[in-house]
There are 2 protein chains.
Amino acid sequence: MQTATLAVARNLAHTHAIALVHSVSRPQPVSSFLPECEIYAQGERSGALYQIEFGAVRIYRLLSDGRRQVVAFHFAGETFGFEADRTRSFFAEAMVHTGVRTIDRPANGQATPELMALALRGLIRAQEHLLVVGRQRAMERIAAFFLDMMDRQDDRGQIELPMTRLDIGDYLGMTIETVSRTFARFREEGIIRLPSTRIVEILKPERLRFLCQ
Amino acid sequence: MQTATLAVARNLAHTHAIALVHSVSRPQPVSSFLPECEIYAQGERSGALYQIEFGAVRIYRLLSDGRRQVVAFHFAGETFGFEADRTRSFFAEAMVHTGVRTIDRPANGQATPELMALALRGLIRAQEHLLVVGRQRAMERIAAFFLDMMDRQDDRGQIELPMTRLDIGDYLGMTIETVSRTFARFREEGIIRLPSTRIVEILKPERLRFLCQ
DNA sequence: CGGTCCTTTGAATTTCCTCAAACAAAGTGG
DNA sequence: CCACTTTGTTTGAGGAAATTCAAAGGACCG
């Protein structure tokens, strides 16, 4: 059932993408992806970069036994699709309805300042992530996650989560149950409010910052 | 007591470094560092790159409560000291008697192919490390560690560990006790032999590879 | 309204950590 | 050269944190 749904969604997204190709003043048209649709896959040849116009994307890789490591979430305004290798090591999927603009790579030369900046941002992100996942406990990981989300989409102390608990767990190296229990604990301690499962209101950001060191 | 010892070692290394500055045909002289000596520190202004002539180096960062995340080990022939930021986010320390050659950064332009290559290698390393630390259990982490060491210093199935169990633990996100117990378990299962604490003989590499997926 | 998917909560279990002690190796000073 | 210290490693016992398994609740969709 799920695969069928996914296949349909993928097809729809494809037509949708084509339908949305219209001429604008900007260099590249916007492609649109429905929720859960793949933008590129592990094993494909690395190609274009993508800039998000609206929506949100997850970047992940799979282990052979099905375990998944989400390495990044990306939101409107951010660029993704930069990979160190010639073939893609990761999957990129839209988490919600998402529009992306393709950015052509500078044809021949590889070391443009833009690409370098992307590599550096990726490096910093990965090293930060490594610290969180490697040396912190559940509460600290979730706190770091909330603070990161706040930084990147601040709607006055309110964050919207386009991803599922499973995504968060696979991003932070823990199970959905632990994610859920940690959310509950923050709620019980009055640090957050959960108006709905996908919206988090940060009541005491200083407590989160304290937890992260 | 320990600080005193360290201070002496640091001073010795310093004089040693100066003593070893001799003219060779290569562009830069070799500086020498005694075991446990700092090569650069978190907070310093990012500067030169270093190429290891002999020895081994650990790269790490500290949390305010003393927890430590080792992000990389480097061996002879490898280059380290590349950082994404203008100030160093990490410490670099010699783990054994180590000789490094300073590499001057290309003066003005930032995006040389060499620097790009370093950034990419760092990115791949960090992403690989993230997967190990984020989604694997103790046995798998140690297995991945052994395989990585094998790849990088293959003396026919024998690896020499210049780092302590604490270093390994802080690299893999576990305690020294768990590291030690995992080593013991591999030994009991006939996968490795431990001629000494710092030498590991890999008897069944295929078992390690199986564990890593 | 019924079904699916996601989330939450509880109970049992596993894994890893903490604390403690013994052991081993290397260096120091008498 | 040998006691003695220091540092690093191993091993055991108990405990804490997170996972697994199970079930119930909630939101969304046709």
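Protein chains get the first letters and strands the later ones, always in sequence-line order, with residue 1 at the start of each.
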>> Rounded to whole Å, please give me the gap between CG in B/Leu161 and P in D/dG8.
In response: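 Roughly 15 Å, once rounded to whole Å.
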
>> What is the separation between atom CD on B/Glu140 and atom P on C/dT14, rounded to the nearest whole Å?
In response: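 In whole Å, C/dT14 P and B/Glu140 CD are 17 Å from each other.
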
> Hey, what bend do you get for the helix from C/dC1-D/dG30 to C/dG30-D/dC1 if you fit axes on five pairs at each end, rounded to 10°?
Replying inline: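 So the angle between the two local helix axes works out to 30°.
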
>> So if I take residues 181-199 of chain B and measure heavy-atom distances to DNA chain D, which residues fall below 4.0 Å?
In response: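 Heavy-atom cutoff 4.0 Å gives B/Arg181, B/Ala184, B/Arg187, B/Thr197, B/Arg198.
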
>> How close do B/Ile142 and B/Leu172 get, counting heavy atoms only, and between which atoms?
In response: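 Residues B/Ile142 and B/Leu172, closest heavy atoms: CD1-CD1, 3.7 Å.
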
>> Restricting to non-hydrogen atoms, name the atom on A/Leu161 and the atom on A/Met149 that form the minimum distance, rounded to 0.1 Å.
In response: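 Closest approach of A/Leu161 to A/Met149, heavy atoms only: CD2-CG, 4.4 Å.
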
> With B/Phe146, which of B/Leu208, B/Asp151, B/Ile191, B/Leu211 fulfils side-chain contact (heavy atoms from CB on, under 4.5 Å)?
Replying inline: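 It is B/Leu208, the one option of B/Leu208, B/Asp151, B/Ile191, B/Leu211 that forms the side-chain contact (heavy atoms from CB on, under 4.5 Å) with B/Phe146.
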
> What's the closest nucleotide to the B/Thr164 side chain, out of D/dT9, D/dA18, C/dT7?
Replying inline: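 Looking only at heavy atoms from C-beta outward on B/Thr164, the closest nucleotide is D/dT9.
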
>> Checking contacts here: which listed nucleotide (C/dT7, D/dA18, C/dC16) is nearest the side-chain heavy atoms of B/Arg137?
In response: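 Output: C/dC16.
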
> When rounded to the nearest 0.5 angstrom, what is the spacing between SG in B/Cys37 and NE2 in B/His97?
Replying inline: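 Answer rounded to 0.5 Å: 9.5 Å.
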
Are [X] and [Y] an aromatic pair by the rule of ring centers under 6.0 Å?
X: A/Tyr50; Y: A/His74; result: no
X: A/Phe54; Y: A/Phe75; result: no
X: B/Phe90; Y: B/Tyr60; result: no

> Within 45° of the axis and under 6.0 Å from the centre of the six-membered ring of A/Tyr40, does NZ or CZ of A/Arg88 qualify?
Replying inline: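 Pair A/Arg88/A/Tyr40 counts as cation-pi.
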
> If we only count heavy atoms from C-beta on, is the A/Val200 to A/Leu194 side-chain gap below 4.5 Å?
Replying inline: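 Contact flag for A/Val200/A/Leu194 side chains = yes.
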
> Near DNA chain C, which residues from residues 170-178 of chain B have a heavy atom under 4.0 Å away?
Replying inline: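 By residue number: B/Gly173, B/Met174, B/Thr175, B/Glu177, B/Thr178.
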
>> Check the orientation of A/Tyr171 and A/Phe73. Use parallel for under 30°, tilted for 30 to 60°, and perpendicular for over 60°.
In response: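 If you compare the ring of A/Tyr171 with that of A/Phe73, the planes turn out tilted.
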
